[in-house]
Each structure stands twice: as C-alpha cells, then as structure tokens.
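Within every chain, numbering begins at 1; the chains are lettered A, B, ... in the order of the sequence lines, protein sequences first and strands thereafter.
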Amino acid sequence: MKIFARTALAIVGGYLGTSAIIAALSMIAVAMVGMERSEAATLGSMLGFVIYLGVMIWSFAEPALIRITLWLGAVTALSLTLVLLLGRFTS
Amino acid sequence: MEPTFRASMNWLHTWSGVVLGSLLFAIFWMGTLSVFDKEIDRWMMPASRLALPEQFSYETMRPAYKAALAAKAPAVLMLVPNERNPVITALWRNADGSFAQRLFDPSTGTELPDQGTFAASRFIYPFHYTLNLKVFGLGYWIVGLCGMMMMVLCVSGVVIHRKIFADFFTFRPERKIRRATLDLHNVAGVLGLPFHVVISVSGLVILFSLYFPSSIWAVYRQDARLFGREAYGSYVRPPARQAADLVSFDAIVAKARSVWGRGEPNYLYVFNPGDAAACVQVNRASEDVVSNISHVVYVDGVTGEMLSANKPEKPAAVTQRFIAGLHFIQFRHWTLRWLYFGLGLAGCVLIATGLLFWVESRRERHRKLGRSGARVVAAVTVASVTGILIATLAFMVTNRVLPLGGSAFGIERPAIEIVVFHLVWLLALLHAFVSGGRAWVGQCWTISVLALAAVLLNALTTGDHLIRTLADRQLWPVAGIDITLLMATVIAACVALRLARSALADPRASQETGA
C-alpha cells in the first residue's frame with residue numbers, strides 16, 4: 001500500500017510540483033531577468049524534464065514518505081504564490 | 001525505502017523495469033523501425049518505387065494541390081519528393097474532418113493508385129509515439145511517462161552498477177544463460193548509455209509544450225496561442241472568402257530561396273487554398289543541419305510576395321529544435337542513420353534482456369513457492385519481445401498477400417493489415433502462456449519463417465527480387481529492407497537452434513519449461 005502511495009506521489013505529485021516550479025521560474029525569468037517571454041516559456045518547459053527526473057529519483061530514495069509530501073507541498077505552494085504575485089505585479 | 005541509496009535505486013530499477021519494460025520495448029522497436037520509415041513505405045507501396053526526375057519543377061505539385069482544392073480542404077500539406085521519399089505526398093483534412101493522404105508521380109504529377117496501406121509513416125511511426133491510442137491523447141501521455149521512466153532507469157542503472165568499466169569487456173555467452181543475459185544487459189546498457197539518455201530526452205523535448213505547458217500558461221495567461229507566433233514566428237491569417245488562383249509553385253519556392261541563399265524546401269503548406277488570402281508556409285529541408293525545422297518562410301499565395309521570414313535566432317527555441325532534430329534524424333547521413341538503427345536495436349536488446357533476467361532469476365524460486373508471478377511475466381515478456389516482431393512481420397506479409405482494393409467483412413485494406421497485426425500479437429501472447437519456456441524457440445522459428453516469406457512474397461508480387469533491386473540505384477531502399485529481413489531470418493534461426501540445444505543439454509531446464 002505504501003508503495004502505491006509513494007509511486008503516486010512520485011508520478012502525480014512530482015508532475016504537479018514540477019509544473020508549479022517551472023511556471024514560477026519562467027515568470028521570474030520574464031519579470032526579473034528580462035528574458036523574452038517565448039524564450040522563458042520554452043526554457044521552463046525543457047527544464048521541467050530535468051526537475052521531474054530529479055523529483056522522481058528523490059521520491060524513491062527518501063525513506064520518510066511524510067518528508068516527501070511536506071517538501072513537495074511546500075515548494076508547490078511557494079511556486080504558486082510567486083506565480084500569483086508576479087502575475088498581479090506585471091499585469 | 002531501502003536502507004541505502006543504492007538499494008533503493010536497485011529496487012526502483014527492478015520494478016519500474018518489470019512494469020514498463022514491455023511498453024518500452026514496443027516503443028523502442030517501433031522507433032527503431034521508424035529510422036527507415038520511408039524505406040518501409042517503398043517496400044509496402046510498390047507503386048511508389050519511383051525515380052526522381054533529373055530536373056524537378058515545383059509546378060508538378062499542381063495536380064496534388066487541385067485534388068485538395070476539390071475536397072474543399074481548409075489547408076493542404078504537400079511534401080516535396082526527395083531521395084528517400086520520391087513521391088509528391090499531399091495530406092489534408094476533408095470537410096467532414098476525415099484525414100486524406102494521396103501520392104503523386106514526381107515526374108508527371110499524376111496521381112498514383114491507392115496503395116491501401118498505412119505502411120510505416122501512418123502505422124509504425126505514429127505507434128512509436130502514441131501507441132495509436134487516440135482517446136483523449138492518452139497514447140502521448142503513456143509514451144511520455146515511459147520516456148521519463150527510461151531516464152529513471154538509466155540513472156538508477158548507473159547507480160547500481162559497480163564496475164562500469166569492466167563491463168565494457170565482459171560477455172560470457174558460454175556460461176549459464178542467466179549470467180549471459182545479465183552480461184548482455186550490461187554491455188548494451190553501458191555501451192549504449194549516451195544514446196539511450198539522448199534518445200529519451202530528445203523524444204520528450206519534441207513535445208515540450210504538450211508535456212509541460214504550465215510555463216507557457218504562466219507567462220502568456222489567456223493568450224497562450226501567441227506562444228507559437230512569438231517562439232517560431234508562425235504566421236496566420238483568416239480567409240478573405242474571395243476566390244483566387246495560386247501563383248506558380250516555382251515562383252513561391254524561388255521567393256523562399258531568395259531568403260535562404262541555398263537549399264530546397266521539404267514541404268509546401270498551403271493555408272486557405274483557392275482563397276484570395278492564401279498563404280504558403282515553406283520550410284527549408286534540413287538535409288545539411290540537425291534541427292528539423294531549419295528556416296520557415298511565409299509567401300503570399302496570390303501575389304507571390306514575402307509575408308514573413310524570420311530566421312530563428314532565439315537561443316532556447318533554437319536549442320529545442322536542435323534536440324528535437326537529434327530525434328527526428330531528417331539530415332542526410334546514411335552512416336549515422338544506420339548507427340541510429342543499430343543503437344535502437346541495442347536499446348531493444350537492453351530492455352529484453354532486463355526483462356529476461358528478472359524472469360530467469362525468479363523462475364526456480366517462484367516454482368518452489370507455487371507463485372505464478374514469474375510465469376505471467378515470462379509469458380508477457382515473450383509476447384512483447386518476439387511477439388511484436390512476429391506481429392510486425394505478419395503486417396508486412398499481409399501487405400504483400402492482399403490484393404489492391406481488397407476488403408473483407410466490410411473492413412478496408414489498410415484496416416485489415418492493422419487487424420492482422422493486433423490479432424497475431426494476441427496469438428503470440430496466448431502461445432506464450434500455453435507453451436511456457438519453450439515459447440522462445442517456437443516464436444524464433446516463426447520470425448525466421450515470416451521474414452523469409454516476406455522477402456519471397458515481395459519478389460513474387462512485385463518482381464523486384466534482390467538481383468534486380470541491387471542493380472538499380474532507385475530500388476536500393478527495397479533491397480535494404482529485403483537484406484535486413486534475410487539477416488533477421490538467419491539470426492532468428494540461429495537463436496532458435498541455440499535455445500533448443502541448451503534446453504536439451506540442461507534436462508532440468510527442459511523439465512521445468514515442459515511443466
């Protein structure tokens with residue numbers, strides 16, 4: 001049962017977390033570094049594969065399931081806040 | 001997880017491999033075949049085994065364009081004939097949404113008779129990246145997950161490896177079959193590692209905007225459609241609802257060439273055909289560059305004026321296209337093409353031996369414990385390795401047996417070939433369940449016989465036997481497929497003999513497999 005939870009967390013949680021992180025990274029690149037927006041979006045998407053890979057490997061290496069959940073949740077929440085704040089700030 | 005990092009990675013490698021190995025094998029196998037998709041097309045569509053004209057006039061594409069116009073297509077994509085694909089291919093969507101593909105002679109422009117097959121470019125190639133599952137784009141996501149897992153397998157495989165250098169030179173085929181399987185898995189994995197990593201990454205990066213759209217949504221908000229326009233300089237305009245004729249295709253290509261300097265187009269994509277706002281997208285063929293989209297220009301279809309011709313210079317977009325180009329292999333380089341084919345096969349060997357090793361190391365233990373796990377995985381492994389090879393060969397044999405325009409039970413010819421593919425694959429699975437460990441021998445013989453039958457049937461039904469195809473430069477693609485099939489015949493027969501002998505030499509194994 002724990003294995004299923006871990007797998008779901010790695011694949012689904014990892015995907016959602018990665019999506020949030022790259023969204024925040026692209027927005028930071030546009031708002032603070034001044035990158036062109038199509039470039040920031042492309043770069044963010046491509047980084048997604050690397051970040052997702054790292055998150056998946058880590059989810060299977062970290063012994064405590066709760067720690068993965070908390071870390072992923074915290075990073076996702078932080079990224080989404082950044083996306084919302086930057087969105088309001090720039091538009 | 002497990003007590004150490006390496007033990008965790010070992011667990012991850014084993015189980016993700018067992019669960020996704022079969023799917024990965026299918027994706028790798030179809031991808032490997034897709035390296036020679038155009039050549040398989042020639043083999044399966046005999047009417048398209050044509051020679052390129054000395055001087056190609058782009059006006060030869062006019063009948064193809066007219067056919068799309070008659071079908072009231074909103075847009076038509078016309079592929080320029082080239083060395084590997086010496087026909088004019090026109091693709092469009094009919095007014096009712098159905099998809100149409102027609103082939104035209106490159107010298108005269110006349111339409112070729114319908115070949116009644118999806119061949120490689122419409123069956124094998126899309127199978128590689130969608131498994132031909134179209135519902136909700138499910139296939140894309142399954143293949144995408146497999147691509148990610150292939151990277152996970154590469155990383156975890158490297159971590160659990162102790163003597164990466166020694167394994168370069170370690171292959172002990174004379175030892176026990178389980179030891180040999182693991183050696184082969186390590187050799188294929190270690191030598192092919194750069195290829196396996198690059199091919200999985202580049203496959204994913206092709207569809208970056210599908211797999212990770214959140215960065216585009218975040219930056220573009222409501223107008224995500226602007227992304228294509230800004231990243232790739234794509235140009236769109238609505239139809240003017242006023243009839244107008246298209247200028248000469250030669251003039252359009254000449255206009256494009258005035259921007260490129262040198263190079264030929266690989267396709268002409270006409271939007272709003274027959275309309276005063278017709279617009280032609282022309283891409284420079286990437287014969288001499290890695291990137292698959294090298295330089296796109298847009299020409300006004302009625303006036304012949306340049307509409308848009310931005311050279312792609314944005315670093316991230318250029319990088320994305322380069323990585324995608326590594327996967328698409330549209331550049332002209334026969335040595336590299338064969339290398340891709342060989343490394344693709346090495347990937348197939350890697351996946352198959354990985355699955356086999358799992359089965360072989362558990363067979364005995366599971367039998368004693370009365371568990372069926374190893375037996376089930378063994379049967380699925382046989383079906384997904386030799387089974388899909390047999391199904392592919394059956395697909396090709398059916399193509400040579402069915403008459404043109406044939407249909408059965410109300411099923412059209414292209415669909416019959418595909419039904420045969422799936423039925424034979426299913427039969428291979430049943431056979432694997434029924435005959436247990438002996439299934440490998442039987443299925444290897446089947447591959448051997450079917451591959452030979454395909455070569456003979458090609459010679460019989462088209463008259464293009466090896467002596468003739470080797471002598472004629474334009475028939476080399478057919479010769480290449482025939483020779484590869486003959487090699488498969490020999491290799492499969494050798495493997496079958498070897499497996500049968502080792503089963504005889506080891507009575508314990510044959511008893512076990514007979515059980």
Inset, instruction - Identify the two heavy atoms, one from A:Thr42 and one from B:Ala316, that lie closest to each other, and give their separation to 0.1 Å. - result: CG2-O, 3.9 Å
Inset, instruction - Specify the closest pair of heavy atoms between A:Val83 and B:Arg221, including all atoms of both residues, with the distance to one decimal. - result: O-NH2, 3.5 Å
Of all of [options], which one pairs up most often with chain A through heavy atoms under 4.5 Å apart?
options	result
B:Gly228, B:Ala317, B:Ser209	B:Ala317
B:Met148, B:Gln320, B:Arg229	B:Met148
B:Val152, B:Leu204, B:Val201	B:Leu204

Spatial distance of atom [atom1] ([X]) from atom [atom2] ([Y]) [nearest 0.5 Å]:
X	Y	atom1	atom2	value
B:Met149	A:Ile11	CE	CD1	5.5 Å
A:Met56	B:Ser16	CE	OG	9.5 Å
B:Thr319	A:Leu43	OG1	CG	8.0 Å
B:Ser156	A:Phe60	OG	CZ	10.0 Å

Legend entry - Proximity breakdown for B:Met151 and chain A, heavy-atom pairs closer than 4.5 Å: both
Legend entry - Residues of residues 32-39 of chain A within contact distance of chain B, non-hydrogen under 4.5 Å: A:Glu36, A:Arg37, A:Ser38, A:Glu39
Legend entry - Side-chain heavy-atom pair B:Trp15, A:Ile3 within 4.5 angstrom cut-off: no
Legend entry - Validation row: B:Ser215, A:Leu25 side chains within 4.5 angstrom (heavy atoms): no
Inset, instruction - Please determine, among A:Ser19, A:Ala20, A:Ser45, the option with the most heavy-atom pairs under 4.5 Å with chain B. - result: A:Ser45
Legend entry - Contact winner vs chain B - A:Ala24, A:Ala23, A:Gly44, heavy-atom pairs under 4.5 Å: A:Ala23
Legend entry - Validation row, ring centre B:Phe208 to ring centre A:Phe49 under 6.0 Å: no
Inset, instruction - Kindly assign one of parallel, tilted or perpendicular to the pair A:Tyr52 and B:Phe212, based on the angle between their ring planes and the thresholds 30° and 60°. - result: perpendicular
Inset, instruction - Return yes when atom CZ of B:Arg225 has more than 12 non-hydrogen atoms of other residues, nucleotides or ligands closer than 6.0 Å, and no otherwise. - result: no
Legend entry - Atom CZ of B:Phe195: over 12 foreign heavy atoms under 6.0 Å: yes
